[in-house]
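Below is one structure; the comments refer to it alone.
Computed from heavy atoms alone, side chains included, the values below leave out hydrogens, waters and symmetry copies. Protein chains get the first letters and strands the later ones, always in sequence-line order, with residue 1 at the start of each.
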2 protein chains.
Amino acid sequence: MNMMDDTGGRETSATRAAYLSLRKMILVGDLPPGQKLKIEQLRAMLKMGASPIREALSLLTSDMLVERIDQRGFRAAPASIANFEEILTLRSALEDMALRQSIAQATSEWEELLVLSHHKMKRLAGADTFEDAHKTFHMTLLRNAESPMLERYCSQLYDLNIRYRYLAAGGAGYQSRDIAAEHEDIFDAAVRGDAESASAALLSHYRLTGEYLTTQLGAL
Amino acid sequence: MNMMDDTGGRETSATRAAYLSLRKMILVGDLPPGQKLKIEQLRAMLKMGASPIREALSLLTSDMLVERIDQRGFRAAPASIANFEEILTLRSALEDMALRQSIAQATSEWEELLVLSHHKMKRLAGADTFEDAHKTFHMTLLRNAESPMLERYCSQLYDLNIRYRYLAAGGAGYQSRDIAAEHEDIFDAAVRGDAESASAALLSHYRLTGEYLTTQLGAL
DNA sequence: CCGCATAAAAATATCGATATTTATTGACAT
DNA sequence: ATGTCAATAAATATCGATATTTTTATGCGG
């Protein structure tokens with residue numbers, strides 16, 4: 001009874017399916033910060049046994065999206081302004097490092113990837129797949145650093161950051177500034193090979209987003 | 001049949017016990033890089049069911065000590081010179097950041113912790129508990145940055161680094177330079193509040209260790 | 001002798017059932 | 001009321017047994 005091996009929308013293992021679902025739910029706030037994640041409850045929700053769920057939760061620990069307390073189960077990672085600012089600081093430092101390295105080792109291949117990802121992001125403005133394209137663009141900027149661990153950290157921090165975006169946006173997702181122009185600045189400087197400007201533009205991009213979000217985060 | 005609640009050498013849950021055992025085994029090289037970690041095999045070795053082992057392995061993923069490939073099990077993280085150098089670079093950057101922040105926010109409380117941890121480390125030179133004291137000293141240097149995530153990253157990188165130390169030391173653990181003096185330099189500058197010197201001493205400490213290890217790592 | 005399909009073996013992933021532990025409730029004495 | 005203790009309920013952690021998948025071994029034309 002082969003399940004028609006769908007290479008497209010596959011859910012190979014139950015663990016992976018649970019991992020992806022839970023991750024998304026935590027990122028977008030369906031599972032709010034600090035919430036207890038009871039196995040039974042999730043078991044019912046995801047229609048699978050306890051094992052894959054426990055395993056998925058354990059894996060989500062890596063991403064700092066889930067906390068595990070021995071003998072006391074799992075909970076969605078807590079959120080706070082201090083934590084948000086920590087993420088912002090670390091992200092700025094690490095992405096700065098990665099971006100400079102990327103540019104220092106620039107190749108035409110990489111430039112092409114960059115052009116492509118930037119184009120796709122622009123084209124998807126407004127679409128619900130924009131978020132993915134946006135992350136891809138940012139990660140492409142860093143990918144050329146050829147530093148897998150650094151890349152992983154940055155990816156992690158990116159996700160943690162957009163989590164706060166969802167938390168802040170009680171609905172109002174619009175911002176007054178021109179995000180597209182900011183991306184353009186980073187992009188232009190990067191393909192131009194101007195590390196200094198690219199880094200400055202990137203950091204300013206993050207600082208602005210950070211300030212905006214901080215004001216929105218009255219709660220917590 | 002209460003197991004006399006040993007607050008000292010407790011092994012609360014099987015998962016935790018497995019986590020600690022496996023972690024240690026990977027760090028010291030009992031489970032060499034790239035080695036397939038078969039559940040049955042570990043199950044026999046640790047005398048417990050498969051569930052806690054799987055969970056421990058999933059948790060070790062966070063520490064980048066274990067890799068998980070969907071449907072294909074777990075393996076000890078691979079090792080390479082490139083990876084070692086990446087660790088060194090990241091570690092230098094992150095610890096530099098943390099140390100400067102620590103010093104910038106210095107309190108007498110922190111200084112006392114520093115004095116204490118430094119003293120303990122010196123006293124334990126040669127003992128088998130030295131490694132722990134050494135890590136405590138280094139982490140105490142950074143703890144005052146009050147940045148949990150940064151601390152976590154540094155701790156991770158520290159562990160990954162000493163793993164390479166074990167890998168390099170086919171037995172010859174001795175080095176010609178005066179490690180104690182290097183620690184003294186870092187320590188002195190830190191309590192003096194001299195961030196510039198402290199950072200320089202720390203980075204030099206890592207650079208030297210790095211160079212030493214790189215030469216030793218002919219294999220891989 | 002070399003692929004290539006296929007059968008057999010091994011290992012992973014997952015389930016359902018329990019044992020253990022933690023959290024909750026309610027009675028009782030202070 | 002309040003704090004303690006036992007009894008109960010709930011949840012976690014763990015086991016042993018299968019189903020699934022991957023890997024290894026086997027045999028058979030080309």
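Atom CD of B:Glu55 and atom P of D:dT14 are 7 Å apart (whole Å). Distance, A:Met48 CE to D:dT18 P: 23 Å, rounded to whole Å. A straight line from CD1 of B:Ile53 to C1' of C:dT14 spans 16 Å, rounded to a whole angstrom. D:dT22 atom P lies 12 Å from atom CD1 of B:Ile69, rounded to whole Å. When the P atom of D:dC15 is taken as reference, atom CD of B:Glu40 falls 12 Å away, rounded to whole Å. Rounded to whole angstrom, the span from the CZ atom of B:Arg16 across to the C1' atom of C:dT20 amounts to 18 Å. If you take CG of A:Asp70 and P of D:dT14, they are 8 Å apart, rounded to a whole angstrom. When rounded to the nearest whole Å, the span between CG of B:Leu46 and P of D:dT14 equals 13 Å.
Where A:Gly49 and B:Leu37 each meet DNA chain C at their nearest nucleotide, the meeting point lying more 5' is that of B:Leu37.
For C:dT12, the OP1/OP2 oxygens have a side-chain nitrogen or oxygen of B:Lys36 closer than 4.0 Å. Phosphate contact (OP1/OP2 of D:dT14, side-chain N/O of B:Thr15, threshold under 4.0 Å): present. OP1 or OP2 of C:dA23 has at least one side-chain nitrogen or oxygen of A:Arg72 nearer than 4.0 Å.
Side-chain atoms of A:Gln71 lie closest to C:dT22 of the nucleotides C:dT22, C:dT12, D:dC15. Of the candidate nucleotides C:dA11, C:dT14, D:dG16, C:dA11 has the atom nearest to the side chain of B:Lys38.
With salt bridges taken as basic N to acidic carboxylate O contacts below 4.0 Å, none links A:Lys135 and A:Glu131. The pair A:Arg100-A:Asp96 counts as a salt bridge, with a side-chain nitrogen and a carboxylate oxygen less than 4.0 angstrom apart. With respect to the salt-bridge test (charged N to carboxylate O, under 4.0 angstrom), the residues B:Lys24 and B:Asp30 do not qualify. At a threshold of 4.0 Å, the pair A:Glu55-B:Arg68 counts as salt-bridged, since one of the basic side-chain nitrogens sits closer than that to a carboxylate oxygen.
If you check every strand for non-hydrogen atoms under 4.0 Å, A:Leu57 touches nothing.
With A:Leu141 as reference, A:Leu99 is the one residue of A:Leu99, A:Ile103, A:Leu113, A:Thr136 to meet the side chain to side chain contact (heavy atoms under 4.5 Å, CB included) rule.
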